[in-house]
Amino acid sequence: MTKREKTTALFIELINEQMKPHGLTYEDVKEIPEWYMKYTTTPEKEKEFLEYCINRIQKVLKLNKSMAENEAHWFILQWGLTTTRNVTKENVQEVKNQKMK
């Protein structure tokens, strides 16, 4: 299998993994423009997915952890689901505190 074929297969695997909670696969969404904006995930689930991506990228593409982390972040930036977050007074204050640092 060529590197391109491995990368394509991994890409499909990662999409399938993040679409599991929605009961969908790559085949279900590939023809939907901007499908990644139509489905959501939580910040906690995105963090779990990020770890899954890093581990799979390291194993399949034989990259070190740092490079795999970069690739995983790029994948999520391009194809990651929209994250949702319940807005509370505590969340708003937390964001304000982070900006002040």
Side-chain angles (χ1 to χ4, degrees):
M1 187 181 275
T2 67
K3 184 174 181 175
R4 185 179 196 101
E5 290 169 332
K6 285 181 185 178
T7 302
T8 300
L10 178 59
F11 174 85
I12 292 169
E13 175 190 334
L14 297 178
I15 291 173
N16 287 338
E17 183 65 25
Q18 78 172 340
M19 295 308 293
K20 265 185 194 176
H22 299 284
L24 299 169
T25 66
Y26 171 77
E27 289 299 318
D28 299 321
V29 299
K30 71 180 182 180
E31 300 297 327
I32 302 171
E34 297 182 354
W35 57 268
Y36 45 87
M37 297 296 290
K38 297 178 190 259
Y39 299 95
T40 62
T41 190
T42 64
E44 296 80 18
K45 291 290 183 188
E46 184 179 73
K47 186 175 179 182
E48 290 174 21
F49 178 65
L50 177 62
E51 289 301 316
Y52 177 87
C53 288
I54 293 167
N55 290 330
R56 293 299 296 149
I57 290 168
Q58 277 187 281
K59 184 173 182 177
V60 174
L61 301 181
K62 309 290 188 223
L63 298 178
N64 66 37
K65 185 162 184 159
S66 177
M67 291 177 72
E69 287 171 347
N70 288 338
E71 290 297 320
H73 285 288
W74 274 111
F75 178 88
I76 289 175
L77 180 65
Q78 289 185 293
W79 306 109
L81 302 181
T82 301
T83 56
T84 59
R85 184 174 188 175
N86 292 332
V87 178
T88 64
K89 286 182 181 179
E90 291 80 19
N91 295 136
V92 172
Q93 188 60 46
E94 180 182 323
V95 170
K96 285 180 182 178
N97 290 343
Q98 288 175 354
K99 286 183 178 180
M100 292 174 73
K101 290 181 181 180

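Treat the numbers as computed from the prediction; the structure is a model and nothing was measured.
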- Item | From Leu10 atom CG to Asn16 atom CG, the distance as rounded to the nearest 0.5 Å |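 Nearest 0.5 Å value for the CG-CG distance: 11.0 Å.
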- CD on Glu46 to OG1 on Thr82, rounded to 0.5 Å: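 Atom-to-atom, Thr82:OG1 and Glu46:CD are 9.5 Å apart.
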- Query: What residues, two or more places apart in sequence or in another chain, satisfy salt bridge (Lys or Arg N to Asp or Glu O under 4.0 Å) together with Glu51?
  - Reply: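 Partners of Glu51 by the salt bridge (Lys or Arg N to Asp or Glu O under 4.0 Å) criterion come out as none, since no residue qualifies.
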Partners passing side-chain hydrogen bond (donor to acceptor under 3.5 Å, both in side chains) against [X] (at least two apart in sequence or in another chain):
X     : answer
Thr2  : Glu5
Thr25 : Asp28
Asn55 : none

- Item | All pairs passing salt bridge (charged side-chain N to carboxylate O under 4.0 Å, His left out) where residues 6-26 contributes a residue, at least two apart |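 As it turns out, the salt bridge (charged side-chain N to carboxylate O under 4.0 Å, His left out) pairs with a partner in residues 6-26, which skip direct neighbours, are Glu13-Arg56, Glu17-Lys20.
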If you look only at distance, which donor and acceptor atoms sit under 3.5 Å apart when one is on a side chain in residues 29-40 and the other is two or more places apart or in another chain?
from, atom 1, to, atom 2, distance (Å)
Lys30, NZ, Glu27, OE1, 3.0

- If every non-hydrogen atom of Ile54 is compared with every non-hydrogen atom of Glu69, which pair is closest and at what distance?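 Answer, listing the atom of Ile54 first, then Glu69: CD1-CG, 3.5 Å.
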Donor-acceptor contacts, no H, no angles, side chain residues 73-80, under 3.5 Å, sequence neighbours left out:
none

- Message: Filter on side chain to side chain donor-acceptor pair (under 3.5 Å), then keep only pairs touching residues 57-68, sequence neighbours left out; what's left?
- Response: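 Every pair satisfying side chain to side chain donor-acceptor pair (under 3.5 Å) with a residue in residues 57-68: there are none.
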- Item | Sequence-distant partners of Glu71, side-chain contact (heavy atoms from CB on, under 4.5 Å), two or more places apart |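 Testing Glu71 for side-chain contact (heavy atoms from CB on, under 4.5 Å), a comparison that skips the adjacent residues, returns Ile57, Leu63.
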- Residues that Glu48 engages under side-chain contact (heavy atoms from CB on, under 4.5 Å), provided they are two or more places apart: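 Lys45.
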- Message: Checking one residue: Met1. Which other hydrophobic residues are in its cluster under the side-chain 4.5 Å linking rule?
- Response: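 Same cluster as Met1: nobody, lone residue.
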